[in-house]
Amino acid sequence: MKQNIVIVGLNYKYNLMIGKILADNFNMYFLDALEYVNYSLFSRNDMLEKCGIEYLNNQENKAIKSCSEFENSVICIPCDLFLRNQNFEKFKTTSNIVYLYFSQERLTNLINDSNDNNIAKVDLLVFEDRNNDLQKICDIMIKISNKKSQTIVKEIDRTLRST
């Protein structure tokens with residue numbers, strides 16, 4: 001049985017909210033992979049300036065690999081870090097990977113309504129590619145539409161129990 005749940009999608013703020021609820025409901029630890037990477041590298045700007053983007057990306061990938069070694073955890077990871085250099089492979093054997101799907105139209109509306117950068121505009125530009133990649137990689141895809149957070153959590157729970 002897989003010991004972790006990885007939450008991925010194109011609305012990271014929403015993913016974090018669902019991940020925290022899941023962790024509480026399943027009595028699991030919660031890990032925000034982006035915060036973990038930032039903590040691990042503590043001075044990303046200095047690293048980028050002094051060592052370059054390639055070195056920074058390698059260090060981020062090492063931190064992501066370390067996330068994959070956690071146990072009994074719900075791990076939220078940004079889509080770009082998850083897909084970069086096939087980091088998703090590190091999670092496949094230990095984690096159920098859940099894709100929280102928002103339509104392109106809904107994501108566009110969320111960006112326009114909130115002026116929030118939690119949804120990267122680049123994700124919208126390459127929506128079809130990212131969506132196709134995530135659908136192929138993930139074990140479970142949950143369509144969000146207008147469902148309440150508890151409904152999403154129950155749907156994830158029901159799906160995990162049936163696999």
Note to self: Minimum heavy-atom separation for Leu134 and Gly9, please, with both atom names.
What the structure shows: CD1-CA, 4.4 Å

Checklist line | Short side-chain donor-acceptor distance under 3.5 Å, Glu54 and Asn58 | finding: no

Next item on the list: Could you pull out the closest heavy-atom pair between Ala33 and Ile75, with the gap in Å?
Entry: CB-CG2, 4.3 Å

Note to self: Taking the side chain as everything from C-beta on, heavy atoms only, tell me whether Val37 gets closer than 4.5 Å to Ile64.
What the structure shows: yes

Notebook entry, point to check: Of the non-hydrogen atoms in Thr94 and Ser68, which two are nearest, and what is the gap between them?
Noted result: OG1-O, 3.6 Å

Notebook entry, point to check: Hey, are the side chains of Ile144 and Ile152 touching, using non-hydrogen atoms and a 4.5 Å cut-off?
Noted result: yes

Next item on the list: Find the distance between CG (Leu10) and CZ (Phe102) and round it off to the nearest 0.5 Å.
Entry: 9.5 Å

Check: Looking at Leu22, Val74, Asn25, Ile21, which hits side chain to side chain contact (heavy atoms under 4.5 Å, CB included) with Ile156?
Finding: Leu22

Notebook entry, point to check: Can you check whether Tyr101 reaches Ile142 side chain to side chain, under 4.5 Å on heavy atoms?
Noted result: no

Notebook entry, point to check: Is a donor on one side and an acceptor on the other found under 3.5 Å between the side chain of Asn87 and the backbone of Leu81?
Noted result: yes

Margin query: Would the distance check show the side chain of Thr151 and the main-chain N or O of Lys147 forming a donor-acceptor pair, the cut-off being under 3.5 Å?
Written below: no

Checklist line | Any residue meeting side chain to side chain contact (heavy atoms under 4.5 Å, CB included) with Glu128, in chain and number order, not counting sequence neighbours | finding: none

Checklist line | Donor-acceptor pair, side chain of Asn15 and main chain of Cys76, under 3.5 angstrom | finding: no

Checklist line | Beyond-backbone contact of Phe91 with Asn4, side-chain heavy atoms, under 4.5 angstrom | finding: no

Note to self: For Asn132, is the CG atom crowded, meaning more than 12 foreign heavy atoms sit under 6.0 Å from it?
What the structure shows: yes

Notebook entry, point to check: Side chains of Val98 and Ile18: closer than 4.5 Å at any heavy-atom pair?
Noted result: no

Margin query: Does Lys65, at its NZ atom, have more than 12 non-hydrogen atoms belonging to other residues, nucleotides or ligands within less than 6.0 Å?
Written below: no

Notebook entry, point to check: When you check the gap from the basic side-chain N to the acidic O, do Asp157 and Arg161 get nearer than 4.0 Å?
Noted result: yes

Next item on the list: Drop me the distance from Ser103's OG to Lys143's NZ, to the nearest 0.5 angstrom.
Entry: 10.0 Å

Margin query: By the side chain to side chain donor-acceptor pair (under 3.5 Å) test, which pairs, at least two apart or in different chains, include something from residues 26-39?
Written below: Tyr12-Asp32, Tyr36-Ser66, Asn38-Arg44

Check: Distance-only, no hydrogens or angles: does the Asn72 side chain make a donor-acceptor pair with backbone N or O of Met28 under 3.5 Å?
Finding: no

Next item on the list: Check whether any side-chain heavy atom of Phe30 sits under 4.5 Å from a side-chain heavy atom of Leu16, and report yes or no.
Entry: yes

Checklist line | Between CE on residue Met17 and OG on residue Ser149, distance to nearest 0.5 Å | finding: 4.5 Å

Next item on the list: List for me each residue that meets side chain to side chain contact (heavy atoms under 4.5 Å, CB included) alongside Arg158, sequence neighbours excluded, and say none if there are none.
Entry: Lys154, Glu155

Next item on the list: Sequence neighbours left out, what passes side chain to side chain contact (heavy atoms under 4.5 Å, CB included) with Leu48? Give chain and number order.
Entry: Ile53, Leu56

Next item on the list: Could you tell me the separation between the CG atom of Asn96 and the CD1 atom of Ile5, rounded to the nearest 0.5 Å?
Entry: 6.5 Å

Note to self: Looking at Arg106 and Ser145, would you say the former's side chain and the latter's main chain have a donor-acceptor pair under 3.5 Å?
What the structure shows: yes

Check: Rounded to the nearest 0.5 Å, what separation is found between the CE atom of Met47 and the CG atom of Asn45?
Finding: 10.5 Å

Check: Partners of Asp80 by side chain to side chain contact (heavy atoms under 4.5 Å, CB included), sequence neighbours excluded?
Finding: Pro78, Arg130

Margin query: Name the residue from Leu107, Thr108, Asn109 that meets the side chain to side chain contact (heavy atoms under 4.5 Å, CB included) definition with Glu105.
Written below: Asn109

Check: Where do Ile97 and Cys138 come nearest, in terms of heavy atoms and distance?
Finding: CG2-SG, 3.4 Å

Notebook entry, point to check: Sub-3.5 Å donor-acceptor pair from the side chain of Lys90 to the main-chain atoms of Gln86, do we have one?
Noted result: no

Next item on the list: For the residue pair Ile77 and Cys67, establish whether any side-chain heavy-atom pair is separated by less than 4.5 Å.
Entry: no

Check: Do other residues, nucleotides or ligands put more than 12 heavy atoms under 6.0 Å from Glu69 CD?
Finding: yes

Note to self: Is it true that Asp139 and Tyr99 share a donor-acceptor pair across their side chains at a distance under 3.5 Å?
What the structure shows: no

Item checked: With sequence neighbours excluded, residues passing ring-ring contact (aromatic ring centres under 6.0 Å, His included) with Phe127 -> none

Next item on the list: Grab the two heavy atoms, one from Asp46 and one from Ser43, that are nearest each other, plus how far apart they are.
Entry: OD2-OG, 2.8 Å

Next item on the list: Output the distance between atom CD1 (Ile140) and atom CG (Leu160), rounded to the nearest 0.5 Å.
Entry: 4.0 Å

Next item on the list: Grab the two heavy atoms, one from Ile137 and one from Lys92, that are nearest each other, plus how far apart they are.
Entry: O-NZ, 3.0 Å

